[in-house]
Amino acid sequence: MVQISPMAGKTLPSAQLTDIPALIAAYYDRKPDVSIPTQRVSFGTSGHRGSSFHTSFNENHILAICEAISRHRKAEGIDGPLFIGMDSHALSGPAQKSAIEVFAAHGLDVRIDEKGGYTPTPVISHAILTYNKGRTTGLADGVVITPSHNPPSDGGFKYNPPNGGPADTSITKAIQDMANGFLADGMKDVKRLPYEEAKKAGCIKGHDYVTPYVEDLDAVIDMKAIQDAGVKIGIDPLGGAAVGYWQPIIDRYGLNATVVSTEVDPTFSFMTADWDGQIRMDCSSPYAMARLIEMGDRFDVAFANDTDADRHGIVAQPDGLMNPNHYLAVAISYLFQNRPEWGKDLGIGKTLVSSGLIDRVAKDIGRKLVEVPVGLKWFVPGLLDGSLGFGGEESAGATFLRRDGTVWTTDKDGIILGLLAAEITAKTGKNPSVHYHEIIARLGTPYYARIDAPASPEQKAKLSKLTPEQFPLETLAGDKIISKLTRAPGNDAPIGGLKVVTENGWFAARPSGTEDVYKIYAESFKSEAHLKAIQDEAQAAISKVFAA
């Protein structure tokens, strides 16, 4: 049973906030030891993340990663601009300085925000794709410095190649291994210039990220419909990278919208704590979103973004904060019936742990479903070639095509998912929450949850290599098992675990990449009691597999 902290949904006392000067001092003072696994460069699904307090995100990590990226670009012939974005975490500024020192030493054509501001993840993807359109040489790529919604003490660094999306495993492994080699070798092969000298180098240029992205939004969202309907919108950037984007959007399109807070503070002291008493800018958490939820009835629809604005949280009545899976189903249902220029053969992309309600919506509207492993990178080819209209995952991240059916971004875009909620409200007269209840009245109510269970490193390794034949069950919670999957049906890629499906429910079990646990995602279309039965039987069966 998850233990909810008594501080959940409340602001923390100042004594419990992150000591920012100490955090930044640790970034420069602590030197990682690559013989300690937790201190190595490690690119997960969203780049390298860690905290300087734990010697897992420090100056040498970033210098080594940037040296590796510089060499990767040279080896691949990538010689166009390198777009850099960063969020408002305290470690993002120092990390950008470190990156500039290395990139300037290599003479790379680097573009940073012209006003020294923050740049959301989707804006970097949009900038890369916009620059590269029609080009076959001189291609651009990018870096985003963010740990997403993670606590204030964390830092993050991710690389987006010329396709604009998250780098695939072959690229991140090469960068990771090269960077760890530099760390192990005492950084002697890492080129850098002193920051003041690097900043003056002619290759480091200011760039207007805001205007091109804002001006282009009506290519992906019906902004005029939102304006004409006068939809009353509430927006909370949660002190993140979108804070400088919302007012220009409101002004440009004449929206009836209020930015409820423009406060930026590296301690994120204005945030209400998440379920465990930690601060996270998690726009899918009712505890982290308590402030906007309380204001929800003042607006027709309200939304927030996490710190790098690649995720969305939608607040609409009667539900308040919508479950991310529920909103994805509504967004898909609406988009594929309200984008007349989208081709009839466009597919719907979902990760295999997203709700089965999406499967039912796809069938209901007669669209092909493409189910892939966890991670938005799996949608990049389909978004680029226009075979996928939408790609989304259960953790409130998604993107979709422009209104004319061409690519918008190949990374998650929480800004357009928020604006889509306003478009839905404007065009239909009903907010996304009302649409959700209409959908489940036709297609059934989903009961969805994720739990974590203990697993040793050996057990996690066993789970990641499981074959369907090793899973003994033929029924699950009283229903016949239809399929046992260890490869994603949409692209035949390994899922690193197991998914078991029946007519009325499913579960997926995957090992955690960072903790000694495995995650069980499960869903029932019958009841909470049936969901609990699925979870219990799944855990018991996995335990037998571990014991075998």
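Positions are given from 1, in the same order as the sequence printed here.
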Apply the side chain to side chain contact (heavy atoms under 4.5 Å, CB included) test between K158 and each candidate in T121, I145, V143; give the one that qualifies.
T121

Given the rule in the salt bridge (Lys or Arg N to Asp or Glu O under 4.0 Å) test, do K200 and E196 qualify, once you have shown the distances and angles that lead to the verdict?
CA-CA 7 Å; K200 293 172 186 169; E196 289 305 318; 5.2 Å; no

Tell me, do D87 and S92 make a side-chain contact under 4.5 Å, heavy atoms counted?
yes

Check this for me: does any side-chain nitrogen of one of E393 and K350 sit under 4.0 Å from a carboxylate oxygen of the other?
no

Using 30° and 60° as the class limits, which term best fits the ring planes of H126 and Y213: parallel, tilted or perpendicular?
perpendicular

Run the ring-centre check on F546 versus Y518 and record whether the distance is less than 6.0 Å.
yes

Could you walk me through whether S285 and W275 satisfy the side chain to side chain contact (heavy atoms under 4.5 Å, CB included) test, starting with their C-alpha distance in whole Å, then the side-chain angles of each, then the deciding distance to 0.1 Å, before giving a yes or no?
CA-CA 8 Å; S285 164; W275 64 272; 5.5 Å; no

Using the rule given for side-chain hydrogen bond (donor to acceptor under 3.5 Å, both in side chains), can you reason through S56 versus T38, listing the C-alpha separation, both sets of side-chain angles and the distance that settles it, and then say yes or no?
CA-CA 6 Å; S56 52; T38 56; over 6 Å; no

Would a distance-only check, ignoring hydrogens and angles, find a side-chain to backbone donor-acceptor pair under 3.5 Å from D319 to M322?
no

Closest non-hydrogen contact found for K460 with A455 is CG-CB, 3.8 Å

Determine the sole option in K97, R30, K31 for which the salt bridge (Lys or Arg N to Asp or Glu O under 4.0 Å) test with E59 is passed.
K31

If we only count heavy atoms from C-beta on, is the L417 to F400 side-chain gap below 4.5 Å?
yes

Can you give me the closest heavy-atom contact between V301 and A422, atom names plus distance?
CG1-CA, 4.0 Å

How many angstroms lie between atom NE2 of H106 and atom CG of L82, to the nearest 0.5 angstrom?
12.0 Å

Between E458 and S456, does any side-chain donor sit less than 3.5 Å from a side-chain acceptor?
yes

One should read off an interatomic distance between T409 OG1 and I128 CD1, to the nearest 0.5 angstrom, of 10.5 Å

Got a donor-acceptor contact below 3.5 angstrom from the N305 side chain to the R311 backbone?
yes

Keeping T410 on the side-chain end and G164 on the backbone end, is there a donor-acceptor pair under 3.5 Å?
yes

I'd like to know if R73 and D141 make a salt bridge, using a cut-off of under 4.0 Å between side-chain N and carboxylate O.
yes

Looking only at side-chain N and O atoms, does S284 offer a donor or acceptor that is under 3.5 Å from a partner on D282?
yes

Main-chain N/O of S170 paired with D168 side-chain donor or acceptor, under 3.5 Å:
yes

Got a donor-acceptor contact below 3.5 angstrom from the S354 side chain to the E394 backbone?
yes

Could you go through the side-chain hydrogen bond (donor to acceptor under 3.5 Å, both in side chains) check for Q39 and H54 one step at a time?
CA-CA 8 Å; Q39 295 185 19; H54 301 141; over 6 Å; no

Tell me whether the count of non-hydrogen atoms from other residues, nucleotides or ligands lying under 6.0 Å of NZ in K232 goes above 12.
no

Do R510 and I495 have side-chain heavy atoms sitting under 4.5 Å apart?
no

Does the pair M289 and C283 meet the rule for a side chain to side chain contact (heavy atoms under 4.5 Å, CB included), with working shown?
CA-CA 6 Å; M289 286 279 283; C283 48; 4.0 Å; yes

Hey, could you give me the CD/CZ distance between Q96 and F103, rounded to the nearest 0.5 Å?
10.0 Å

Would you say R291 and D236 make side-chain contact, with heavy atoms under 4.5 Å?
yes

D208 and R111 ion-paired at < 4.0 Å
no

Quick one: do D265 and S269 satisfy side-chain hydrogen bond (donor to acceptor under 3.5 Å, both in side chains)? Show the steps, please.
CA-CA 7 Å; D265 165 16; S269 57; 2.5 Å; yes

Just jot down the salt bridge (charged side-chain N to carboxylate O under 4.0 Å, His left out) partners of K173, sequence neighbours excluded, or say none.
D177

Look only at the side chain of N180 and the backbone of Q176, and say whether a donor-acceptor pair between them is shorter than 3.5 Å.
yes

Donor-acceptor side-chain pairing of T18 and T267 below 3.5 angstrom:
no

Just wondering, do N160 and F83 contact through their side chains at under 4.5 Å, heavy atoms?
no

Below 30° counts as parallel, above 60° as perpendicular, anything between as tilted: where do the rings of F268 and H89 land?
tilted

Check: L23 main-chain N/O paired with D19 side-chain donor or acceptor under 3.5 Å
no

Apply the test side chain to side chain contact (heavy atoms under 4.5 Å, CB included) to residues N150 and R280: give CA-CA distance (whole Å), side-chain angles for both, the deciding distance (0.1 Å), then the verdict.
CA-CA 5 Å; N150 282 23; R280 286 187 195 86; 5.8 Å; no

With distance as the sole test, does T272 use its side chain to make a donor-acceptor pair with the main-chain N or O of Y287 at under 3.5 Å?
yes

Is the Y448 to H326 ring centre distance short of 6.0 Å?
no

Looking at side-chain heavy atoms only, is the closest gap between F157 and H61 below 4.5 Å?
no

Would you find a donor on one side and an acceptor on the other, under 3.5 Å apart, between the side chain of S51 and the backbone of F53?
yes

Provide the closest heavy-atom pair for A309 versus A242 in the form atom of the first, atom of the second, distance.
CB-CB, 3.9 Å

So how far is it from L139 CG to I78 CD1, rounded to the nearest 0.5 Å?
7.5 Å

Under 4.0 Å between a Lys/Arg side-chain N and an Asp/Glu carboxylate O for R450 and D452?
yes

Heavy-atom pair of closest approach, residues Q16 and L12
OE1-CD2, 3.8 Å

Under the 3.5 angstrom rule, does the side chain of D113 hit a backbone N or O of G117 as a donor-acceptor pair?
yes

Could you tell me if T169 and K377 have a donor-acceptor pair between their side chains, going purely by distance under 3.5 Å?
yes

Closest approach of G138 and D79, non-hydrogen atoms and distance?
CA-OD1, 3.1 Å

Is there a side-chain hydrogen bond (donor to acceptor under 3.5 Å, both in side chains) between Y118 and T307? Walk through the geometry before answering.
CA-CA 10 Å; Y118 309 113; T307 329; over 6 Å; no

Step-by-step side chain to side chain contact (heavy atoms under 4.5 Å, CB included) determination, I112 to K205
CA-CA 6 Å; I112 58 174; K205 300 166 186 168; over 6 Å; no

Looking only at heavy atoms, what is the nearest atom pair of L91 and S153, with distance?
CD1-O, 3.6 Å

Is there side-chain contact between W408 and I416, with heavy atoms separated by less than 4.5 Å?
yes

So, applying side chain to side chain contact (heavy atoms under 4.5 Å, CB included) with H48, which one of V41, T172, I175 is it?
V41

Considering only heavy atoms from C-beta outward, does the side chain of V260 approach that of I235 to under 4.5 Å?
no

